[in-house]
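Predicted model, so just to flag it, every value in this text is computed and none were measured.
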Amino acid sequence: MHSLANGPEVRKPLIETSRSGYLAAISASSYSLVSMVQRFGPLMRPGAAAVSLSYLASERVIPGYGGGMSAAKAALESDTRVLAFEAGRRWGMRVNTISAGPLPSRAASAIGLIDRMVDYYRANAALPEVNTADDVANAAAFLCSPLGAGITGATLHVDKGYHVMGIAAEPQL
């Protein structure tokens, strides 16, 4: 399980992000998966799996999620697809990522607007509930289990269906 992410300038708009802040976000948040698979792949049994955590900012603009983190998550998802092919052919290993909806965790509080994001997702997702750590953990367990044996190179959205929405939902009456 790869759950590393760090963007030292995450609160800065991308247009104000320094080169070093941008590269630090890419290094910590995406290259670390490449490094992990390089080192652990040879030790894993065929059919083993690696799963990383991504976020919708890889696909869409999330104001306030800056400092190069959107590019880092996009790179993570792209690297997942390439690693699925390379590690699959080399070691029989599967590689996937989970694009998790916002979770009100201590780490997420670094972004500074996590409570607003959680409320927005709950109000606008297909399933109007708060995403939980158990939701994400259950998806990761599935992807790592024999039940997910035919899945590799995928980005699985675990966000109560928020990613399928095109506009804000109407309030429920």
Side-chain angles (χ1 to χ4, degrees), residues 1-7 10-11 13-14 25-26 28-30 32-33 36-37 48-85 88 93-173:
M1 186 73 204
H2 174 276
S3 183
L4 298 174
N6 184 29
V10 68
R11 290 187 185 208
L14 181 59
I26 294 284
S29 305
S30 40
S32 56
L33 174 66
M36 185 181 91
V37 171
V51 176
S52 63
L53 292 177
S54 189
Y55 179 55
L56 191 62
S58 67
E59 304 172 42
R60 302 199 185 147
V61 177
I62 308 293
Y65 191 75
M69 285 303 297
S70 57
K73 292 302 185 180
L76 179 70
E77 291 181 18
S78 179
D79 291 345
T80 294
R81 292 185 292 273
V82 175
L83 289 169
F85 167 71
M93 182 179 176
R94 296 178 293 116
V95 183
N96 293 293
T97 192
I98 293 172
S99 181
L103 298 168
S105 66
R106 187 172 55 88
S109 66
I111 300 167
L113 55 116
I114 191 64
D115 292 331
R116 182 174 159 217
M117 293 168 75
V118 168
D119 291 342
Y120 188 82
Y121 268 62
R122 179 183 9 203
N124 293 290
L127 297 172
E129 307 162 1
V130 175
N131 216 37
T132 68
D134 283 345
D135 294 330
V136 177
N138 289 337
F142 162 75
L143 288 172
C144 290
S145 79
L147 295 173
I151 302 170
T152 193
T155 298
L156 178 63
H157 291 270
V158 180
D159 63 0
K160 304 291 184 179
Y162 176 81
H163 73 282
V164 304
M165 302 301 293
I167 64 171
E170 295 292 325
Q172 298 293 316
L173 301 175

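Nearest heavy atom pair, residue Leu76 against residue Ser29, reads CD1-O, 3.7 Å. Minimum interatomic distance between Ala50 and Met36 (heavy atoms only, all atoms of both residues): CB-CE, 4.1 Å. The shortest non-hydrogen separation linking Pro102 to Val118 is O-CG2, 3.9 Å. For Ala25 against Ala72, the heavy-atom pair with the smallest separation is O-CB, 3.6 Å. Annotation for Ala100 and Val136: closest pair CB-CG2, 3.8 Å, computed over non-hydrogen atoms. Taking every heavy atom of both residues into account, Thr152 and Met93 meet most closely at OG1-O, 4.4 Å.
Applying the side-chain contact (heavy atoms from CB on, under 4.5 Å) rule to Phe85 yields the partners Arg89; only residues at least two apart in sequence or on another chain are considered. His163 is linked by a ring pair (Phe, Tyr, Trp, His ring centres under 6.0 Å) to His157, counting only residues two or more places apart in sequence or in another chain.
Residues Thr80 and Leu33 are in side-chain contact: their nearest non-hydrogen atoms beyond the backbone lie under 4.5 Å apart. When side chains are defined from C-beta on, Met165 does not count as touching Asn124, because their heavy atoms never get closer than 4.5 Å.
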(message) Would Asn96 and Leu156 count as a side-chain contact (heavy atoms from CB on, under 4.5 Å) here? Give the steps.
(response) CA-CA 8 Å; Asn96 293 293; Leu156 178 63; over 6 Å; no

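Every pair passing salt bridge (charged side-chain N to carboxylate O under 4.0 Å, His left out) that includes a residue from residues 159-169 is listed here, sequence neighbours excluded: Glu129-Lys160, Asp135-Lys160. Residues in residues 116-125 take part in these salt bridge (charged side-chain N to carboxylate O under 4.0 Å, His left out) pairs, two or more places apart or across chains: Asp119-Arg122. Pairs engaging residues 51-74 under the salt bridge (charged side-chain N to carboxylate O under 4.0 Å, His left out) rule: none recorded [sequence neighbours left out].
Tyr121 and Tyr55 have parallel rings, their planes meeting at less than 30° on a 0 to 90° scale where 60° marks the start of perpendicular.
Between the OG atom in Ser32 and the CD1 atom in Ile26 there is a gap of 10.5 Å [rounded to 0.5 Å].
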Table please: side-chain donor-acceptor pairs of residues 142-149 below 3.5 Å, with sequence neighbours left out.
residue	atom	partner	partner atom	Å
Ser145	OG	Phe142	O	2.9
Ser145	OG	Leu147	N	3.1

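Distance alone, capped at 3.5 Å, is enough to place a donor-acceptor pair between the Thr97 side chain and the Ser52 backbone.
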